[in-house]
Amino acid sequence: MSTVLVLNGPNLGRLGSREPDVYGSANLDDLYVYLSEAAPKGVSVDLRQTDDEAELIHWLYEAVDTGVPVIINPAAFTHYSYALRDAAALVTKAGLMLIEVHISNPHARETFRHTSVVSAIATGVIAGLGFDSYRLALDYVTRQG
Ligand code: DQA
């Protein structure tokens with residue numbers, strides 16, 4: 001694999017200033033640098049963020065069509081978007097990895113965050129470890145080759 005798609009859902013473009021007590025003070029550019037430096041030689045990180053459900057879904061189609069594994073933080077879509085779940089299922093049904101990640105631990109927060117409609121079709125889920133949730137996902141994905 002030469003590329004890993006790292007997709008981020010709504011409001012994650014505000015990382016750094018959004019609820020720093022929950023999400024920390026680093027922003028998405030910092031995440032990109034962190035992951036790019038952690039990626040093994042020859043693997044590039046394609047990190048994207050959108051507030052738009054349709055755009056996120058189309059990026060998942062792109063992953064299927066190009067055979068690229070996905071690390072995804074679906075943000076609030078995690079909790080209710082069946083459309084996103086169905087698109088994510090296309091990725092894993094195509095035999096590609098899709099790891100659901102969260103910066104915070106949703107299970108330690110409000111009740112509505114305890115449900116993920118994505119987890120059941122994900123290859124795996126990593127939550128609550130800050131940016132290391134993404135990093136561990138990247139380690140796993142790149143170790144599978
Ligand atoms: C989040 C957790 C979600 O509940 C929330 O809506 C987010 C971020 C996380 O990374 O901790 O936007 O996915």
Side-chain angles (χ1 to χ4, degrees), residues 1 3-40 43-66 68-144:
M1 141 220 336
T3 303
V4 178
L5 209 44
V6 181
L7 303 181
N8 293 277
N11 304 310
L12 292 172
R14 290 276 161 167
L15 280 181
S17 58
R18 175 192 181 198
E19 299 185 75
D21 50 316
V22 177
Y23 299 112
S25 55
N27 63 29
L28 269 190
D29 290 340
D30 298 325
L31 177 61
Y32 175 72
V33 170
Y34 186 51
L35 294 180
S36 295
E37 286 175 355
V43 173
S44 70
V45 171
D46 184 350
L47 186 145
R48 306 179 192 179
Q49 188 274 330
T50 183
D51 298 326
D52 182 339
E53 188 178 25
E55 189 166 33
L56 204 49
I57 287 168
H58 290 146
W59 287 342
L60 291 171
Y61 296 165
E62 185 188 322
V64 172
D65 294 343
T66 57
V68 167
V70 175
I71 295 167
I72 185 168
N73 184 343
F77 291 148
T78 306
H79 311 303
Y80 67 90
S81 175
Y82 297 118
L84 184 73
R85 174 209 160 100
D86 284 353
L90 294 177
V91 177
T92 49
K93 291 247 160 71
L96 295 162
M97 283 174 283
L98 179 139
I99 315 291
E100 176 188 341
V101 299
H102 299 281
I103 297 166
S104 68
N105 175 1
H107 298 284
R109 301 180 63 195
E110 301 96 319
T111 312
F112 77 88
R113 296 185 203 276
H114 298 180
T115 298
S116 167
V117 300
V118 176
S119 297
I121 57 76
T123 310
V125 182
I126 305 174
L129 306 179
F131 283 0
D132 281 331
S133 296
Y134 294 80
R135 186 184 173 149
L136 292 170
L138 183 65
D139 285 349
Y140 180 81
V141 165
T142 55
R143 263 191 290 119
Q144 306 311 304

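All ligand and atom numbering here is 1-based and tracks the order in the structure.
- Looking only at side-chain heavy atoms (C-beta outward), Asn11 and Tyr23 stay at 4.5 Å or farther from each other.
- Asn73 places a side-chain heavy atom less than 4.5 Å from the side chain of Ile103.
- Taking 4.5 Å as the limit, some side-chain heavy atom of Leu60 sits within range of a side-chain heavy atom of Leu98.
- Here the protein heavy atom with the shortest distance to atom 1 (C) of ligand 1 is His102 ND1, 3.7 Å.
- Using a non-hydrogen distance threshold of 4.0 Å, Glu110 does not register as a contact of ligand 1.
- Set against the non-hydrogen atoms of Ala76, the atoms of ligand 1 under 4.0 Å away are 6 (O), 12 (O).
- Side-chain atoms of Tyr134 and Asn8 include a donor-acceptor pair closer than 3.5 Å.
- In terms of protein heavy-atom proximity, atom 5 (C) of ligand 1 is nearest to Arg113 NH1, 3.2 Å.
- A heavy-atom distance below 4.5 Å is not found between the side chains of Tyr140 and Ile126.
- Between Pro106 and ligand 1, no N or O atom pair is found at a separation short of 3.5 Å.
- Atom-to-atom distance recorded for His102:NE2 and Leu12:CG is 10.0 Å, nearest 0.5 angstrom.
- Within ligand 1, counting atoms from 1 as listed, the ones closer than 4.0 Å to a heavy atom of Arg18 are 7 (C), 12 (O).
- Here the heavy atom of the protein found nearest to atom 11 (O) of ligand 1 is Ser104 OG, 2.6 Å.
- Scanning the protein for heavy atoms near atom 7 (C) of ligand 1, the closest one is Tyr23 OH, 3.5 Å.
- Close N/O approach between Ile103 and ligand 1 is found [any backbone or side-chain N/O within under 3.5 Å].
- One side chain, Glu53 or Ser81, offers a donor N or O that lies under 3.5 Å from an acceptor on the other.
- Comparing heavy-atom distances from atom 3 (C) of ligand 1 across His79, His107, Arg14 singles out His79 as nearest.
- Note that the CZ atom of Arg14 and the CG atom of Leu28 stand 11.5 Å from one another [nearest 0.5 Å].
- Polar contact check, Thr78 against ligand 1: no nitrogen or oxygen pair lies under 3.5 Å apart.
- Ligand 1 does not have Asn11 within reach: every non-hydrogen atom of the residue lies 4.0 Å or more from it.
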